[in-house]
Q: 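Supplied in structure tokens, the structure appears directly below.
Predicted model, so just to flag it, every value in this text is computed and none were measured.
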Amino acid sequence: MSVMRRPALLAATAITGLLGIYMALVLGRAFVLLRDDALTAKALGAALLVMPIVGAWYLWHEWSLGFAAQRMGSQLEQEGRLPVHDGARGAGGALTEEAARDVYELARRGVDEQPDDWRAWFHLAYGYEAMKDKSQARKAMRYAADLYRRR
């Protein structure tokens with residue numbers, strides 16, 4: 001499949017590129033300030049050095065989670081165990097609240113039964129997503145990725 005058929009990957013790559021340019025500009029400004037004789041300028045330059053380091057760590061962290069989620073999804077697809085959200089849907093095509101709650105409860109029981117299985121946590125992440133709880137979905141996917149990497 002071509003990159004153009006994966007809009008999320010294309011968008012993530014574009015944003016990463018823009019963030020890389022921004023970090024390079026901040027680094028450049030930091031080095032200019034560090035070369036200045038004024039103590040205040042040197043302190044600002046040192047503080048500016050931290051921003052690109054944190055940004056690079058964050059980018060690495062997010063990209064590694066994305067790649068791990070992709071590998072987990074591919075493996076689940078090969079096993080025929082991808083999460084399927086069956087249930088009643090509203091006019092917009094989204095699951096109804098009751099159907100989303102059923103998807104979540106099924107996934108939650110899977111984690112209760114197999115707390116060390118990355119597949120169960122992957123399904124739970126999609127259960128949280130169905131419930132529109134993106135924060136918990138992300139935490140569950142991170143935990144699934146950690147378990148996946150450890151196996």
Side-chain angles (χ1 to χ4, degrees), residues 1-85 89-90 92-95 97 100-101 103-104 106-108 110-112 114-151:
M1 181 178 280
S2 76
V3 171
M4 297 307 278
R5 291 184 177 224
R6 296 181 181 173
L9 178 62
L10 192 59
T13 304
I15 289 171
T16 298
L18 289 173
L19 190 56
I21 292 169
Y22 176 74
M23 288 189 310
L25 291 172
V26 169
L27 273 176
R29 180 57 62 188
F31 289 129
V32 166
L33 288 169
L34 285 171
R35 280 188 245 125
D36 196 286
D37 291 333
L39 188 58
T40 306
K42 287 187 183 295
L44 283 173
L48 280 179
L49 282 176
V50 173
M51 290 173 58
I53 292 169
V54 170
W57 172 84
Y58 181 76
L59 276 176
W60 175 82
H61 195 63
E62 290 303 308
W63 276 97
S64 67
L65 175 62
F67 286 129
Q70 183 64 44
R71 285 191 306 272
M72 290 185 296
S74 295
Q75 184 172 338
L76 286 174
E77 184 177 29
Q78 289 173 354
E79 296 172 359
R81 295 181 60 189
L82 273 176
V84 178
H85 294 155
R89 297 191 178 269
L95 289 173
E97 228 176 279
R101 196 173 19 260
V103 167
Y104 167 76
L106 182 64
R108 183 82 236 163
V111 167
D112 289 342
Q114 297 178 317
D116 294 329
D117 184 14
W118 66 265
R119 291 167 186 85
W121 284 92
F122 188 94
H123 284 260
L124 181 62
Y126 277 86
Y128 278 124
E129 184 71 27
M131 294 285 292
K132 296 182 174 74
D133 189 347
K134 295 190 185 300
S135 173
Q136 290 299 328
R138 193 162 195 74
K139 287 177 186 174
M141 187 60 77
R142 275 194 203 292
Y143 191 69
D146 289 342
L147 290 173
Y148 180 78
R149 288 183 195 116
R150 278 191 249 152
R151 65 172 178 90

Q: First locate atom CE of Met72, then atom CD of Gln70, and finally report the distance between them rounded to the nearest 0.5 Å.
A: 10.0 Å
Q: Okay, side chain of His123, backbone of Arg81: is any donor-acceptor separation there less than 3.5 Å?
A: yes
Q: Identify the two heavy atoms, one from Ala56 and one from Met23, that lie closest to each other, and give their separation to 0.1 Å.
A: N-SD, 3.7 Å
Q: Roughly how far, to the nearest 0.5 Å, is CG of Leu19 from CD1 of Ile15?
A: 9.0 Å
Q: Which atom names give the shortest non-hydrogen contact between Ala69 and Phe122, and what distance separates them?
A: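 For Ala69 versus Phe122, the nearest heavy atoms are O-CE1, 3.9 Å.
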Q: Surrounding OH of Tyr104 (heavy atoms of other residues, nucleotides or ligands, distance under 6.0 Å), is the total greater than 12?
A: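 More than 12 heavy atoms, drawn from other residues, nucleotides or ligands, come within 6.0 Å of this atom.
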Q: How far apart are the closest heavy atoms of Ala120 and Gly110, and which atoms are they?
A: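 Of all heavy-atom pairs spanning Ala120 and Gly110, the closest is CB-O, 3.7 Å.
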Q: Can you check side-chain contact (heavy atoms from CB on, under 4.5 Å) on Arg119 and Glu79, steps first, answer last?
A: CA-CA 11 Å; Arg119 291 167 186 85; Glu79 296 172 359; 3.0 Å; yes
Q: To the closest 0.5 Å, what do you measure between OH (Tyr126) and CG (Leu106)?
A: 15.5 Å
Q: In terms of the angle between their ring planes, are Trp121 and Tyr143 parallel, tilted or perpendicular, with boundaries placed at 30° and 60°?
A: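 Trp121 vs Tyr143 ring planes: perpendicular.
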Q: Any ring-ring contact (aromatic ring centres under 6.0 Å, His included) pairs touching residues 33-57, not counting sequence neighbours?
A: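 Of all non-adjacent pairs touching residues 33-57, those that pass ring-ring contact (aromatic ring centres under 6.0 Å, His included) are Trp57-His61.
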Q: Compile the donor-acceptor pairs under 3.5 Å between side chains in residues 26-50 and protein atoms, sequence neighbours left out, one pair per line.
A:
from, atom 1, to, atom 2, distance (Å)
Asp36, OD1, Ala38, N, 2.8
Lys42, NZ, Leu34, O, 2.7
Lys42, NZ, Asp36, O, 3.0

Q: Side-chain donor-acceptor contacts of residues 144-151 below 3.5 Å, not counting sequence neighbours, with atom names and distances?
A:
from, atom 1, to, atom 2, distance (Å)
Asp146, OD1, Arg149, NH1, 3.4
Tyr148, OH, Gln75, OE1, 3.4
Tyr148, OH, Arg151, NH2, 3.3
Arg149, NH2, Ser64, O, 3.2
Arg151, NH2, Gln75, OE1, 3.3

Q: Quick one: closest heavy-atom pair of Ala130 and Ala100, and the distance?
A: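 Looking at all heavy atoms of both residues, the shortest contact is O-CB, 3.3 Å.
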